[in-house]
Each structure stands twice: as C-alpha cells, then as structure tokens.
Q: 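Sharing a structure here in structure tokens format.
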Amino acid sequence: MWQNIEAAPADSILGLTEAFRNDPSPDKVNLGVGVYKDDAGRTPILQCVKAAEKILLERESTKSYLPISGDPTYAACVQQLIFGEGSEVLANKRAATVHAPGGTGALRVGADLLKKFLPDARVWLSGPTWANHKGVFTTAGFPLGQYAYYDPANKAVDFAGMARDLQAVPAGDIVLLHACCHNPSGVDLDNDQWRQVVAIAREKGWLPFLDFAYQGFGAGVDEDRYAVAQFAESGLDYFIASSFSKNFGLYNERTGALTIVSPDAAQAAVALSHLKTVVRVIYSNPPAHGGLVAATILSDPDLRRQWLAELAGMRERIVAMRTALVEGLNARGVAGDFSYITRQRGMFSFSGLSDATVAWLRQNKHIYVVGGGRINLAGLTSKNIDYVCDSIAEALRS
Ligand code: LMR
C-alpha cells in the first residue's frame, strides 16, 4: 500500500521535539513546543496535581466509562474557571461543556459540530496563527480565510487591519480568536479592543470561536478571561476550546473542554445533545484521569490556592526569562530594540528571527525554534540563557 506514497512532512511543532530528542548534542536547547519548563529544564508535575492524584488513588472505585460528555463535576469546574464564579452564564445554565481530549480535541469537536450546521461557512484565522488551527479546520472540511492580526513593523496587534477584516467577514462564517496569550505572536488585544471585536461580531453576525489554551499565563486566571466574559455579556452564541495542558501541566493527560454558550438554557441543552453525537463517533467518551485531577483541585479550596500559587510561579518565571533574554541581547550589542519581548504575554515570543536564522541556530547551535521565529520562553533557563543569547548574537552577525 505504501510503496508509491510519499512520507508526510513532520509536524512543524511536535516534529521539532522529535528532532530535538534525537539530537545527541549536550548543548541542545528546545525553544519549540509550548511546554513549560522550570529553571532546571524539567517539565514538573505540579504539587497540587500530585496531591490530587494521591486522593484519587484512594477514592477512585471504578474505571467504568464516563458519560459521553465527561464527568459532570469536571464540566462544572471548567465552566466556573472559564466564566468566573459569579457569572450569569452559570446561573442561567447557558453553557454546554464536554470534556475533550486536550485543546486540540476540543477544537476538532467544535469544528465537526459546526460543519453539520454551518456547512458552507468559512473559518477565519488570525495572521499568523497556531499551525494546527489550519489542519484542524481544513480536515473538518472548512475553507479558510485570514484576518490581519500581527504587525511585524510595530511588533504589536494591527488592530485597524483586524477590525477592517472582521467587519468584512460574512454573517454565518466562523472567526477563531485567541482569548489570551496569542500563539504564536504573544501579542494580545487590550480590553477596549476586545469590546470592539464583540461589537463587530454582534453587528456582522459571524460566530466567535475562542481558543483559550493559556488561561493564567497572561496576567492571571481572572484577568485572562476578559474576552470570554465580554462575549458572554453580548448574549451571542459562541464556542470556547479550553485546555488544562498548560495551566495544570496536564499535557499528556489530554484534558480539555469544548464549551458552547447559547442565549438560553433550552438552546444550550440542544447544543449539548449534538455535542454528544459528535463525541460518540470520534472517541466515544473522554479519558477520565486528567479531568478527575483538575476537578479535585478546583473543588478543594486548599488545593485550588496551591494551584494558583504554582501557576503564578510558572507565569513569573517566564516573565523573568523575557527580561533576561532582552538584557542578554542588549549586553551583547545585538542591534535593535528588543523591549517588545517583555510586552508580549504567555509562553511565546515572536522573536523576529527569520527562517534562515532559525535554520542556522538549529544546524550550528542545536537550538530549536519554530519556523516563523516563535520562541518558547519557558525553554530558557539560567543555565542556557547565555548560550542562547551568544548564539543569537552570532547568528545575527553571520
Ligand atoms: C504549541 O503551540 O507548541 C503547543 O500548543 C503544543 C502543540 O500541540 O502544538
């Protein structure tokens, strides 16, 4: 069967991790995949997760199937986290949530559901966006469009271009928005700009689909839900793909959720019924462990407090690495103003490194950066920061 079939290209992000693993160099540094590392270069299991797992080990009494939509306690915890405790969405039961295998699974469940009811829609993605968005939505059968987002000259959001493009999106199309910590650029809308985007969505009648994979990595858990809350206030239908991969470090437990917000409870119930039909034919029902861990932490005040402190620790370390990178480049006399790196939010920085420089760094220095120049700041440590700054300085001089 495979004799006349060419091999598929490696994934632009996860393929880089594979190449990194196979690189025997002792100097190698992985600034590719969006995975948190501590200053020792390890991706730790959070202490609150370890504590929750201990509780679960004692309490868990079955490995029987979960419901198609997942554990209802998990769905309630997801909703509390993404909307905030006092949210009217919770009181009015306007949201339907299914436990999906990671943020990617949530996007795909949402995409498959949308294809059923908006078969002729186009999906609009930010320019640039996370590479896998394109794959998920084209595989679900959607044509893609692109709206302006990142302005490389100013290293900021091109909001005039974005607003112009979103005004032109036809009613019934779908617009994928990064709720916080834009991947790959690290530049986010401010609150006023979010309010304008919500107003455009309402006026033009397109469907917002928020990718919310980094809650807590921007300014904080509460601050980062601003876009989600603004859309909730608008009364529009919208979708949210959320994930516990990053903020709970539950990467390999594939713990995410797809939430659909509707104008009222009756419509949310209809949405849930259709979500279940989509889930059933893809993976039947979700894996339990990650969801049980997240729900155990979020419903225990002490563990929740511990989680928030650990999350703040991750966020603050990344911020410190942003400063260290800028200072390191300045100290080496690298031409240019790199202060924009400290204004970006989340795990990533669109470093401004060209694809040629990215290739040079990999080949000569064993430093792995995603094509387009996206750096995962969490891959920097006090041990490798000088090596990385020296290497970038050398790359830009050569
Ligand atoms: C990333 O952007 O690096 C992460 O979201 C991991 C992934 O699946 O690509």
Side-chain angles (χ1 to χ4, degrees), residues 8-21 28-38 41-44 100-111 125-140 149-150 176-188 209-218 224 240-258 283 287 290 294 311 314-315 317-318 321-322 344-351 353 355 358 361-362 367-380:
D11 182 80
S12 60
I13 297 175
L14 299 185
L16 215 55
T17 306
E18 261 176 69
F20 175 80
R21 282 207 188 106
K28 64 183 178 177
V29 180
N30 190 359
L31 304 180
V33 67
V35 169
Y36 178 78
K37 297 202 188 81
D38 62 17
R42 286 181 305 243
T43 301
T104 306
L107 288 163
R108 183 57 196 267
V109 167
L125 304 174
S126 63
T129 194
W130 181 48
N132 214 25
H133 282 149
K134 296 179 187 158
V136 167
F137 287 101
T138 48
T139 305
Y149 188 81
Y150 184 68
L176 195 287
L177 297 156
H178 299 233
C180 70
C181 307
H182 184 268
N183 180 2
S185 74
V187 301
D188 282 343
F209 194 147
L210 307 191
D211 188 340
F212 198 21
Y214 291 88
Q215 185 175 8
F217 278 88
D224 290 354
I240 304 155
S242 60
S243 168
F244 290 109
S245 293
K246 325 281 174 172
N247 52 15
F248 279 70
L250 288 172
Y251 305 92
N252 67 14
E253 299 293 354
R254 310 311 297 137
T255 312
L258 194 262
Y283 54 87
L311 176 57
M314 293 195 276
R315 182 172 64 239
R317 198 188 92 71
I318 294 172
M321 283 300 123
R322 287 186 181 279
Q344 296 163 335
R345 304 199 319 167
M347 267 190 198
F348 304 120
S349 167
F350 228 28
S351 62
L353 298 178
D355 282 346
V358 168
L361 286 170
R362 176 169 166 183
I367 295 174
Y368 290 73
V369 172
V370 176
R374 188 194 83 174
I375 283 182
N376 172 16
L377 277 304
L380 294 173

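Indexing begins at 1, ligand by ligand and atom by atom, following the structure's order. Everything numeric in this text was worked out from a predicted model, so none of it was measured.
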Q: Apply ring-ring contact (aromatic ring centres under 6.0 Å, His included) to Y214 and list each qualifying residue two or more places apart in sequence or on a separate chain.
A: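 F348.
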
Q: Could you pull out all residues at least two apart from R21 that satisfy side chain to side chain contact (heavy atoms under 4.5 Å, CB included)?
A: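 With sequence neighbours excluded, R21 shows a side chain to side chain contact (heavy atoms under 4.5 Å, CB included) to T17, given in chain and number order.
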
Q: Is any side-chain heavy atom of L107 closer than 4.5 Å to a side-chain heavy atom of N132?
A: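 No, every pair of side-chain atoms sits at 4.5 Å or beyond.
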
Q: Does a side-chain heavy-atom distance below 4.5 Å link S242 with Q215?
A: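 S242 does not reach Q215 side chain to side chain.
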
Q: Between ligand 1 and the protein, which N/O pairs are shorter than 3.5 Å?
A:
| residue | atom | partner | partner atom | Å |
| --- | --- | --- | --- | --- |
| ligand 1 | 2 (O) | W130 | NE1 | 3.0 |
| ligand 1 | 2 (O) | N183 | ND2 | 3.0 |
| ligand 1 | 2 (O) | R374 | NH1 | 2.9 |
| ligand 1 | 3 (O) | G34 | N | 2.7 |
| ligand 1 | 3 (O) | R374 | NH2 | 2.8 |
| ligand 1 | 5 (O) | K246 | NZ | 3.1 |
| ligand 1 | 9 (O) | W130 | NE1 | 3.0 |

Q: The criterion is side-chain hydrogen bond (donor to acceptor under 3.5 Å, both in side chains); which residues satisfy it with E253, sequence neighbours excluded?
A: none

Q: Should the pair F217 and Y36 be assigned to parallel (<30°), tilted (30 to 60°) or perpendicular (>60°) ring geometry?
A: tilted

